[in-house]
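Okay, structure first, notes after.
When a ligand or atom number is given, it counts from 1 through the structure's own listing order.
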Amino acid sequence: MALFTWNETLSVNINSIDEQHKKLIDMINDFYDNIASRSNKDNISTLLSSMKQYTLEHFTREENYMKKFNYPDYESHKKEHDVFIAKVNDLEEKFTSGKLVLSLEVTVFLRDWLKKHIMGTDKKYSDFFIKNGVK
Ligand SMILES: [Fe+2]
Ligand SMILES: [Fe+2]
């Protein structure tokens, strides 16, 4: 069973952004499967770092649209992205140095954060982005 399944309630009504969110969800599921099956540390490290990389790319895309169109909530939205990346950096550092064993709770944190962010924060830009021609 996948940890996290995309459904219409997560849609921001912008196809390209929904696709990016789906990819992030796939990556979280893959990460979860590897932790659940006690995959080796190198595999988990690689997954964590590619997930972080893709998340950064996705956040940058959203932020670029916000800047381009003068989105009024840019600062607070970006702040949420930054706090999340700081948290992931911290997890990555603790994991690499052996101070933390990545657990299923970590994957639940990632899922819950992303779900809450999409539903509560990303959805707020939907109408604004659509009005500005984002597809
Ligand atoms: Fe997003
Ligand atoms: Fe966002």
Side-chain angles (χ1 to χ4, degrees):
M1 250 284 277
L3 176 76
F4 194 178
T5 315
W6 192 89
N7 63 58
E8 281 300 325
T9 67
L10 289 160
S11 179
V12 296
N13 297 315
I14 299 164
N15 206 30
S16 62
I17 297 179
D18 281 345
E19 290 306 315
Q20 291 163 30
H21 289 153
K22 286 178 194 170
K23 176 158 177 177
L24 279 173
I25 289 168
D26 284 346
M27 291 176 107
I28 291 176
N29 282 326
D30 202 16
F31 185 64
Y32 170 81
D33 288 341
N34 274 266
I35 289 178
S37 65
R38 298 174 194 280
S39 177
N40 73 56
K41 197 173 170 174
D42 285 351
N43 282 344
I44 292 173
S45 259
T46 307
L47 287 171
L48 184 59
S49 101
S50 47
M51 191 164 57
K52 187 178 88 178
Q53 193 50 47
Y54 190 73
T55 303
L56 278 168
E57 285 169 28
H58 167 66
F59 286 174
T60 302
R61 285 184 190 137
E62 287 185 349
E63 289 164 16
N64 284 344
Y65 284 136
M66 291 182 216
K67 282 188 282 189
K68 190 171 168 193
F69 307 130
N70 282 314
Y71 182 60
D73 290 330
Y74 167 73
E75 294 296 336
S76 62
H77 196 133
K78 181 175 168 40
K79 176 96 186 143
E80 281 191 34
H81 288 168
D82 290 349
V83 167
F84 180 71
I85 291 296
K87 172 82 184 173
V88 172
N89 279 334
D90 185 52
L91 288 173
E92 194 176 30
E93 193 218 287
K94 288 192 174 120
F95 177 65
T96 310
S97 65
K99 285 184 206 133
L100 172 77
V101 177
L102 289 176
S103 61
L104 297 179
E105 286 94 278
V106 171
T107 64
V108 168
F109 160 78
L110 296 172
R111 177 196 65 187
D112 291 350
W113 186 89
L114 186 61
K115 198 170 184 175
K116 185 164 175 251
H117 183 78
I118 294 173
M119 307 272 286
T121 306
D122 284 350
K123 278 185 174 222
K124 286 187 192 152
Y125 63 52
S126 287
D127 290 348
F128 185 86
F129 279 15
I130 292 166
K131 218 170 52 200
N132 282 283
V134 182
K135 287 188 172 110

Inset, instruction - Please work out whether the ring planes of Phe59 and Phe84 are parallel, tilted or perpendicular, with thresholds of 30° and 60°. - result: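 If you compare the ring of Phe59 with that of Phe84, the planes turn out perpendicular.
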
Inset, instruction - Flag the pair Asp26 and Lys22 as a salt bridge only when some basic side-chain nitrogen lies within less than 4.0 angstrom of an acidic carboxylate oxygen. - result: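 The answer is no: the pair does not qualify as a salt bridge.
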
Legend entry - Salt bridge flag under 4.0 Å for residues Lys116 and Asp112: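 No, no charged N to carboxylate O under 4.0 Å.
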
Inset, instruction - Taking the Fe ion (ligand 2) as the vertex, measure the angle between atom NE2 in His81 and atom OE1 in Glu62; round to 10°. - result: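 For NE2 of His81 and OE1 of Glu62, the angle centred on the Fe ion (ligand 2) reads 90°.
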
Inset, instruction - Quick one: the NE2 of His117, the Fe ion (ligand 2), NE2 of His77 angle, rounded to 10°, please. - result: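 Angle NE2(His117)-the Fe ion (ligand 2)-NE2(His77): 90°, rounded to 10°.
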
Legend entry - Asp122 atom (N/O/S) at minimal separation from the Fe ion (ligand 1):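 Relative to the Fe ion (ligand 1), the closest nitrogen, oxygen or sulfur of Asp122 carries the name OD2.
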
Inset, instruction - Of all the heavy-atom pairs spanning Phe4 and Lys115, show the shortest one and how long it is. - result: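 Heavy-atom minimum between the residues: CZ-CB, 4.0 Å.
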
